[in-house]
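Here the structure comes first, spelled out in structure tokens, and everything after it is commentary.
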Amino acid sequence: MSGDSDVRSLRISKLERLRELGHDPYTFEEHPQTHTPEEVRANYSSLEGQTVSMAGRVTALRVMGKAAFFDITKDAQRMQVYVKRDDVGELLWEVFGLVDLGDIVGVTGEVFKTRTEEISIHARDLKVLAKSLHVLPIGKEKDGQHWYGLSDVEERYRKRYLDLMSNLESREILLARSRVVSATRRFLDERGFIEVETPILELEAGGAAARPFITYHNALDLELKLRISLELHLKRLIVGGLDKVYEIGRVFRNEGISTRHNPEFTLLELYQAWVKMEDIEQLVEELCRYVAREVYGSEVFQVRGVTLDFSKPWQRVDLLTEIEKHAGVKPSELQDLQSAKSAMDRLGLYSEDETAVGGIIEKLLERFVEPTLIQPTFVENYPIETSPLAKKHPSHPSLTRRFEGYVLGREVCNAFSELNDPIDQLERMQRQHKMLQEGDHEAMPLDEDFIYALECGMPPTGGLGIGMDRLAMTFSGAESIRDVILFPTMRPLEQD
RNA sequence: GAGCCGGUAGCUCAGGGGUAGAGCAACGGCCUUUUAAGCCGUGGGUCGUGGGUUCGAUCCCCACCCGGCUCACCA
């Protein structure tokens, strides 16, 4: 007997025996939990000899004839339980005999210390609250060392429940993600931002450069797209007079999957009327301080061996200056496509498909500058070609009032003084639309109603976008975006 | 999409042209303070899938599937 299906039928017969004994696990609807394991340990002196109740999954089982020790675990806290036949009687002893590693049980008994001084519960009552019909990948652990468990990456993502019960680190990373998101929401709410929800199903997916997912509405007989950004709807709300709005929502991009990309991910976008780029930079600094305090209890913390300091203002650098510094390409070389391409060639980079200087600048940034931006840094002044929704730089018509924030060599935010000139916006969107029609799947469609909204007058506004998954990676030390997404997109196993 | 690496028992892994091993888990026995409990015993595998080479393939070759990493893509 060792195949999992054999185990399953064996455990079902144990389940039937439990029912014969009048102990059907699935009839129990609750179990008292007077204390957590931590509370019992913290208050041992007053609890010694007192009766307590708790419940959890059986994560270790040591049977010695007519007595046994077992561990129950709940909320990553473990408690040892002692059962003795003479104390619980024949019936409960038989019930206990039907308990397997992985079952969910509830116990009631007195707090005591074993010979080796471990605080434990001396069980007087025991309930099986759910049986596990499968052998679970519960590892062994002592003094921080681990044996076995579940390490197969694919299985951890496909069966996250097994990952969560057997890998404490996965649990901690995902809890950190949750704290990052809720802290962000709290921070913005406290500052008077209004949280809104805008459509996921759109006629045209705009606001970013990405290929959308396409779906279909039967009743309207209409092809719809899943949103790729939140931007164009939120700006309409600014026009409407909601001066501080934000949305934290899922967006969908029909693109490749990597350690930094999942087809659906969580985006925060916020817009604040009457402020400019520099104010948004300050907001990002304050937001990160707030999140750091909530997650780590400090504005300075260590992640992956690096000490990140959010207490100080972020470093501000100029995009083209940094490219010159790290790639050796002068700003003058990045004024026309021809010399930009030859600079790429000089660096041994492929440049055949490049059609605009903006794209080359972004590539150089990614390749040479990003890896150097470990401590929090704002890179400012992005090219207009790749920033179709940002306000022009007043003295450099090829640049915009845009910045991106970098931490640990990864982009964490993208922000700008929003373009509110409807004529300029229309021209830029028409240019994008033309590229789209010429086959660039990632170019932006023309959104006429958005232009109309701008024509009605949008106040000067600062905007910000943060990939919450990447922010969670930064604050949890996760190496892959899949570690901060509970159920990442995977190819299905069976293909029939 | 390309390159490299991986897929062997429920889990973690080793092995390698003659149809497979370990530890944990499982099953049976002993054990009334153990804690990676211990001791004795038992069972369990389409070696990712499909072809090919071979007397013989889990191993070699090819294709495919799934995953990981790197690159490309992703403003």
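All chains are named by letter (A, B, ...) in the order of the sequence lines, taking the proteins before the strands, and each is independently numbered beginning at 1.
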Measure the distance from CZ on A/Arg211 to P on B/rA75 and round it to the nearest whole Å.
14 Å

Let's test this: given Watson-Crick or G-U wobble pairing with both distances under 3.5 Å, identify the partner of B/rU33.
none

Which is true for A/Ser258 with a 4.0 Å heavy-atom rule: it touches a base, it touches only sugar-phosphate, or it touches nothing?
nothing

Using the P atom as the point on both nucleotides, what is the distance between B/rU58 and B/rG52, in whole Å?
13 Å

Checking A/Glu278, A/Glu380, A/Arg316 against A/Phe403 for side-chain contact (heavy atoms from CB on, under 4.5 Å), the one that qualifies is A/Glu380

Does A/Glu118 contact B/rU33 through a side-chain donor or acceptor facing the base, at a distance under 3.5 Å?
no

Could you check whether A/Asp152 gets within reach of a base, just the sugar-phosphate, or nothing at all, counting any heavy atom under 4.0 Å?
sugar-phosphate

With a 4.0 Å cut-off on heavy atoms, is A/Lys66 in touch with a base, just the backbone sugar-phosphate, or nothing at all?
base

Gap in Å between the two C1' atoms, one belonging to B/rG18 and one to B/rC24, rounded:
31 Å

RNA chain B: A/Arg11 or A/Arg367, which has the more 5' nearest nucleotide?
A/Arg11

At 4.0 Å (heavy atoms only), tell me whether A/Pro383 reaches a base, stays on the sugar-phosphate, or touches nothing.
nothing

Counting the atoms with a prime plus P, OP1 and OP2 as sugar-phosphate, which does A/Ala210 contact under 4.0 Å by heavy atoms, base, sugar-phosphate, or nothing?
nothing

Just how far, in rounded Å, is P of B/rA75 from NE2 of A/His441?
15 Å

Could you check whether A/Arg156 gets within reach of a base, just the sugar-phosphate, or nothing at all, counting any heavy atom under 4.0 Å?
nothing

Spacing of A/Tyr161 atom OH relative to B/rG10 atom C1', expressed in whole Å:
13 Å

Scan A/Glu155 against the nucleic acid and name what it touches under 4.0 Å (heavy atoms): base, sugar-phosphate only, or nothing.
nothing

Quantified in whole Å, what is the C1' atom distance between nucleotide B/rG44 and nucleotide B/rU32?
32 Å

To the nearest Å, how far apart are A/Arg260 CZ and B/rC69 C1'?
11 Å

Closest to side chain of A/Leu150, choosing from B/rC73, B/rU34, B/rC11:
B/rC11

Using ring pair (Phe, Tyr, Trp, His ring centres under 6.0 Å), reason through A/Phe70 and A/Phe96 one step at a time and then give a plain yes or no.
CA-CA 10 Å; A/Phe70 62 94; A/Phe96 173 69; 5.4 Å; yes

Is a side-chain donor-acceptor pair under 3.5 Å present for A/Arg78 with A/Thr73?
no

If we call it a pair only when both distances are under 3.5 Å in a Watson-Crick or G-U wobble match, what pairs with B/rC4?
B/rG68

Of the listed nucleotides (B/rA36, B/rC27, B/rA75), which one gets closest to any side-chain atom of A/Lys14?
B/rC27

Any donor-acceptor pair under 3.5 Å joining the side chain of A/Ser151 to the base of B/rU12?
no

State, without any angle test, whether A/Ser480 and A/Asp483 hold a side-chain donor-acceptor pair at a distance under 3.5 Å.
no

Between B/rA36 and B/rA72, how far is it from one P atom to the other, in whole Å?
48 Å

Options B/rC24, B/rA75, B/rU32, nucleotide nearest the side-chain atoms of A/Lys140
B/rC24

Would you please classify the geometry between the A/Phe112 ring and the A/Tyr82 ring as parallel, tilted or perpendicular, with 30° and 60° separating the classes?
tilted

A/Leu61 CG to B/rC24 P, straight-line distance once rounded to whole Å:
15 Å

Touch class at under 4.0 angstrom, heavy-atom based, for A/Gln80 against every strand present
base

Establish, from distance only, whether the side-chain atoms of A/Asp163 and A/Ser170 form a donor-acceptor pair under 3.5 Å.
yes

Mapping A/Arg470 and A/Arg491 to their closest nucleotides on RNA chain B, which lands nearer the 5' end?
A/Arg491

What interatomic distance, in whole Å, is found between C1' of B/rC73 and the corresponding atom of B/rC64?
24 Å

Nearest listed nucleotide, side chain of A/Ala67, among B/rA75, B/rC69, B/rU32:
B/rU32

May I ask you to check whether A/Asp87 and A/His122 show a side-chain donor-acceptor distance below 3.5 Å?
yes

Touch check for A/Ile138, heavy atoms < 4.0 angstrom, all strands: base, sugar-phosphate only, or nothing?
nothing

Counting N and O atoms only, with roles assigned by atom type, does the side chain of A/Arg156 sit under 3.5 Å from a partner on the main chain of A/Leu150, one being a donor and the other an acceptor?
no

For atom C1', what is the distance between B/rG51 and B/rG23, given to the nearest Å?
36 Å

When you get a sec, tell me which of B/rG67, B/rC31, B/rU32 is the closest nucleotide to the side chain of A/Glu154?
B/rG67

The Watson-Crick or G-U wobble partner of B/rA14, with both key distances under 3.5 Å, is none

Phosphate oxygens OP1/OP2 of B/rC73: is one of them under 4.0 Å from a side-chain N or O of A/Lys363?
yes

Looking for any heavy atom pair under 4.0 Å, which part of the strands does A/Phe265 touch: base, sugar-phosphate only, or nothing?
nothing

How far, in whole Å, is B/rC65 from B/rG50 if one measures between their C1' atoms?
10 Å

Provide, to the nearest angstrom, the distance between the CZ atom belonging to A/Phe416 and the P atom belonging to B/rA75.
12 Å

Is a donor-acceptor pair below 3.5 Å formed from side chain A/Arg62 to base B/rU34, judging by atom type as modelled?
yes

Please answer whether B/rC11 and A/Tyr148 are stacked, defined here as ring centres separated by less than 5.5 Å and planes angled under 30°.
no

Taking the C1' atom of each, how far is B/rC61 from B/rA22, in whole Å?
31 Å

Tell me which nucleotide among B/rU32, B/rU33, B/rC31 gets nearest to the side chain of A/Thr114.
B/rU33

Provide, to the nearest angstrom, the distance between the CG atom belonging to A/Leu133 and the C1' atom belonging to B/rA25.
16 Å

Nearest to side-chain heavy atoms of A/Thr259, which nucleotide of B/rG10, B/rU32, B/rU70
B/rU70

For B/rG44, the nucleotide meeting Watson-Crick or G-U wobble distances (both under 3.5 Å) is none

Please state whether the phosphate of B/rC73, meaning OP1 or OP2, lies under 4.0 angstrom from any side-chain nitrogen or oxygen of A/Arg253.
no

Considering only heavy side-chain atoms of A/Leu10, the closest of B/rC27, B/rU34, B/rU32 is B/rC27

Rounded to whole Å, the CD-P distance (A/Glu366 to B/rU70) equals 13 Å

Under a plain distance cut-off of 3.5 Å, with no hydrogens placed, do A/Gln80 and A/Arg62 share a side-chain donor-acceptor pair?
yes

